[in-house]
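Order of the sequence lines fixes the chain letters, A, B, ..., with proteins taken first and strands second; residue numbering starts at 1 for each chain. In what follows, every heavy atom counts, from backbone to side chain, and hydrogens, waters and symmetry copies are set aside.
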2 protein chains.
Amino acid sequence: MLIRVDPASDVPIFAQVAASVRADAAAGRLRPGDRLPSAREVAGSLEVNLHTVLRAYQELRDEGLVDMRRGRGAVVTDAVAPLAQLHDDVVALTERARALGLSPDTLASLVKETFR
Amino acid sequence: MLIRVDPASDVPIFAQVAASVRADAAAGRLRPGDRLPSAREVAGSLEVNLHTVLRAYQELRDEGLVDMRRGRGAVVTDAVAPLAQLHDDVVALTERARALGLSPDTLASLVKETFR
DNA sequence: ACAACTGTTATAGAAATACTAGAACAGTTC
DNA sequence: GAACTGTTCTAGTATTTCTATAACAGTTGT
C-alpha cells in the first residue's frame, strides 16, 4: 500500500494523503477489511508529522471510508463500494478532460461546483 | 451574471469565485466575448475585498479562460469551449455520485487524484 | 502478564496562506 | 476629460497548515 504525496503541490499534505487513499479504494486496490498502514509508519516514510497523517485518516473516517480504533488501526469499510462503482466513469471523464487540455485543478473545481 | 459564494465553506473565497465562473462557462451561461462584472462590483456585492476577487480573476486568466486589460475588464475567451464540451459528462457524473451518497469534496478529490 | 503496537488527546509554536485595507498608477471607454 | 477598468505596492490581521513533544488508553500477539 503506497501513499503518494507531492511536496511541491499547493494542496495540503493531509488532503493529498486522503486523496491517495480514496483513489486506491476507487481503483479496487483497497477492499473492505484491508488495513491502512499505521499513521506513524506513513509519517515516517513520507517524512511528515504523525498528526498530519492522522488528520488525513480522520477525514477518511468522517467520510465513513475507514473505521479507526486505537491498537487496531484504520480499516477500510464497505463504504468504498460507491467509489469503486464510479471509478470507470471518473477515469473516462479525466481522460476526456486531459485530451481537451484541462488541468486537474480546473476539472476538480468544475466537478465540485457542478455538484453543489 | 451571478457569482455565488458560501462564506461558511472552508474553500477560500477566491477559489469559490473562480469555480463559480468556470461552472457558468461550462453550462453555457458565459460565452466567448462576454465580460465578467468588474472586480470592484463583485467585491462590493459579495462584501469582500477587491484583491480577493482579483485573485480569482487572475487564476482564470492563468487558465486562459479570460483576457484581462485595465479599463476593459475581464473578457471570456474561446478557451471555455473545452469546459462546455465536458459539461454534460460532468453533470452525469455528479448525479451518479449524488445518488451514491458522495459529497462534492470527496468526488472532486477523487477526480483530481485520478487525473494526476 | 507483558511488550509492542495502535489511535487519542493535549499543549505549544513556527510557517505559510487568505483576507482585508488604503493608496496610487495606467490604460480604455464614452 | 470624466469615469470606468485592472495593476501594483505596502501593510497588517486572522486562519490554516505543519511540526514537535509528551502522555494516555485500547488491541494484539507472545
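Between A:T52 and D:dT19 there is a side-chain N or O to OP1 or OP2 distance below 4.0 Å. Between D:dT5 and B:S38, a contact under 4.0 Å exists linking OP1 or OP2 to a side-chain N or O. An OP1 or OP2 oxygen of D:dC18 is reached within less than 4.0 angstrom by no side-chain nitrogen or oxygen of A:R55. Proximity of A:Q58 to the phosphate of C:dT8: a side-chain N or O atom is located under 4.0 Å from OP1 or OP2. Residue A:R40 has no polar side-chain atom (N or O) positioned under 4.0 Å from OP1 or OP2 of C:dC5. A close approach under 4.0 Å does occur between a side-chain nitrogen or oxygen of B:R72 and OP1 or OP2 of C:dT29. Contact check, B:R61 against D:dT7: a side-chain N or O comes under 4.0 Å of OP1 or OP2. Between A:R35 and C:dG7 there is no side-chain N or O to OP1 or OP2 distance below 4.0 Å.
Remark: C1' of C:dA10 and CZ of A:R70 are 13 Å apart, rounded to the nearest angstrom.
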Working for salt bridge (Lys or Arg N to Asp or Glu O under 4.0 Å), residues B:E95 and B:R98: CA-CA 5 Å; B:E95 283 175 356; B:R98 175 173 280 123; over 6 Å; no

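When each of A:A15 and A:G71 is assigned the nucleotide of DNA chain D with its nearest heavy atom, A:A15 is the one assigned upstream, toward the 5' end. Remark on DNA chain C: of its neighbouring residues A:E41 and A:D10, the 5'-side contact belongs to A:E41, judged by nearest-heavy-atom nucleotide. Comparing A:V11 and B:L50 by the nucleotide of DNA chain D whose heavy atom lies nearest to each, the residue mapping closer to the 5' end is B:L50.
Within the 4.0 angstrom heavy-atom criterion, only backbone atoms of the sugar-phosphate kind lie near B:I13; the bases stay farther away.
Surrounding CZ of B:R31 are at most 12 heavy atoms belonging to other residues, nucleotides or ligands under 6.0 Å away. More than 12 heavy atoms of other residues, nucleotides or ligands shown are found within 6.0 angstrom of CG on A:D62.
A salt bridge links B:D89 with A:R96: the closest approach of a Lys/Arg side-chain nitrogen to an acidic carboxylate oxygen falls below 4.0 angstrom.
With hydrogens and angles left out, the side chain of B:H51 and the base of C:dA18 share no donor-acceptor pair within 3.5 Å.
Of all nucleotides listed (C:dG7, C:dG22, D:dA20), C:dG7 comes nearest to the side chain of A:M68. The listed nucleotides are C:dC19, D:dT19, D:dT5; the one nearest the side chain of B:P12 is C:dC19.
Checking B:S109 against B:T106 by side-chain atom types alone, no donor-acceptor pair falls below 3.5 Å.
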